[in-house]
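Here's the structure we're looking at; comments come further down.
So you know, we letter chains A, B, ... as the sequences are listed, proteins then strands, and number each from 1.
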Amino acid sequence: MVVSEISQKKKMRFRKTLLAWYQEHGRDLPWRKTDDPYHVLVSEIMLQQTQVDRVIPKYREFLEKYPDIKTLAEAPQEDITATWKPLGYNIRPVRLHSIAREVQETYGGKIPDTPEDLEKLKGIGKYTAGAVSCFGYRKPVPLVDTNVDRVLQRVFFGNPASQTTKEDKVVWELARALVPKKNAYDYNQALMDFGAIVCTARKPLCLLCPMQAFCSAYPVSS
DNA sequence: TTCCAGAGTA
DNA sequence: TACTCCGGAA
């Protein structure tokens with residue numbers, strides 16, 4: 001199964017079902033100011049491999065101390081690293097600091113809005129680049145994290161536990177083909193929430209899932 | 001043990 | 001592609 005072989009009908013059905021689910025069950029991230037790319041950047045770096053419940057208090061503390069990218073760029077690295085703890089993966093505050101400095105120097109203090117430019121910054125990979133571009137600037141770009149990866153693999157390729165597991169590249173291609181140009185922000189947020197709430201890694205809620213009629217993995221045995 | 005809103009390195 | 005970084009929950 002290749003991305004180009006997937007019917008437009010299934011893609012449309014997927015998008016429609018996802019957004020309908022999101023209107024009812026979606027949880028936005030009210031703790032995050034999504035109209036400020038700097039806030040999105042900080043939160044997304046914190047969220048790398050780290051649960052949201054642990055991020056929220058630290059995110060608040062961090063932004064109180066470093067309210068904008070200029071303040072962060074000029075702060076001593078030891079302070080930033082100390083503030084970061086105990087979130088873990090302690091190379092992240094070092095890289096976030098270097099990102100802030102580079103944005104100041106190279107981009108005049110404005111965080112880039114395209115995934116291509118964002119990925120040039122060390123510490124920002126494919127996912128975070130997409131997230132900052134979409135959630136910070138509302139660009140219609142794809143983004144794939146482990147939740148999205150799992151949802152797309154199941155719905156379009158079957159249970160990833162089977163041999164049909166697709167490479168990263170294929171999933172990104174599919175994600176790109178699926179992002180709507182209009183409300184990519186809601187779509188991507190919905191996709192991630194759906195993976196976190198319904199299409200979970202363990203014990204997915206297949207019996208409550210609105211996609212069971214066209215999901216290639218339904219029902220996932222757990 | 002495995003997994004969770006990953007990314008860099010070899 | 002595999003390994004490492006980190007902490008906490010299931």
Distance in angstrom units between [X] [atom1] and [N] [atom2], rounded:
X	N	atom1	atom2	result
A:Met46	B:dG6	CE	P	15 Å
A:Gln49	B:dT2	CD	P	15 Å
A:Arg54	B:dA5	CZ	P	13 Å
A:Tyr59	B:dA5	OH	C1'	14 Å
A:Asp145	B:dA5	CG	C1'	5 Å

What integer number of Å spans the [atom1] atoms of [N] and [M]?
N	M	atom1	answer
C:dC3	B:dC3	P	15 Å
C:dC5	B:dT1	P	16 Å
C:dG8	B:dA7	P	22 Å

Item to check | For A:Gly158 against A:Ala217, the heavy-atom pair lying closest together | outcome: C-CB, 3.7 Å
Item to check | Heavy-atom closest pair, residues A:Pro115 and A:Val141 | outcome: CG-CG1, 3.8 Å
Answer yes or no: is there a side-chain heavy-atom contact under 4.5 Å between [X] and [Y]?
X	Y	answer
A:Arg150	A:Pro204	no
A:Ile69	A:Lys110	no
A:Leu47	A:Tyr59	no

Next on the checklist: Does B:dA5 have its OP1 or OP2 closer than 4.0 Å to a side-chain nitrogen or oxygen of A:Thr50?
Outcome noted: no
Checklist entry - Are A:Asp149 and A:Thr146 close enough that a side-chain donor and a side-chain acceptor fall under 3.5 Å? => result no
Item to check | Criterion side chain to side chain contact (heavy atoms under 4.5 Å, CB included) on A:Val151 and A:Phe14, from CA distance to verdict | outcome: CA-CA 11 Å; A:Val151 172; A:Phe14 175 78; 4.1 Å; yes
Item to check | Positional range of nucleotides in DNA chain C within the contact set of chain A, heavy-atom, under 4.0 Å | outcome: C:dC5 to C:dA10
Checklist entry - Salt bridge or not for A:Glu173 and A:Arg176, using N-O below 4.0 Å? => result no
Checklist entry - Should the pair A:Lys10 and A:Phe156 be classed as cation-pi, given the thresholds of under 6.0 Å to the six-membered ring centre and 45° from the axis? => result yes
Identify the pairs formed between an N or O of the protein and an N or O of nucleotides 7-10 of chain B at a distance under 3.5 Å, and give each distance.
unit_1, atom_1, unit_2, atom_2, d
B:dA7, OP1, A:Gly125, N, 3.0
B:dA7, OP1, A:Thr128, N, 2.9
B:dA7, OP1, A:Thr128, OG1, 2.5
B:dA7, OP2, A:Tyr127, N, 3.2
B:dG8, OP1, A:Gly123, N, 2.6
B:dT9, OP1, A:Lys122, NZ, 3.3

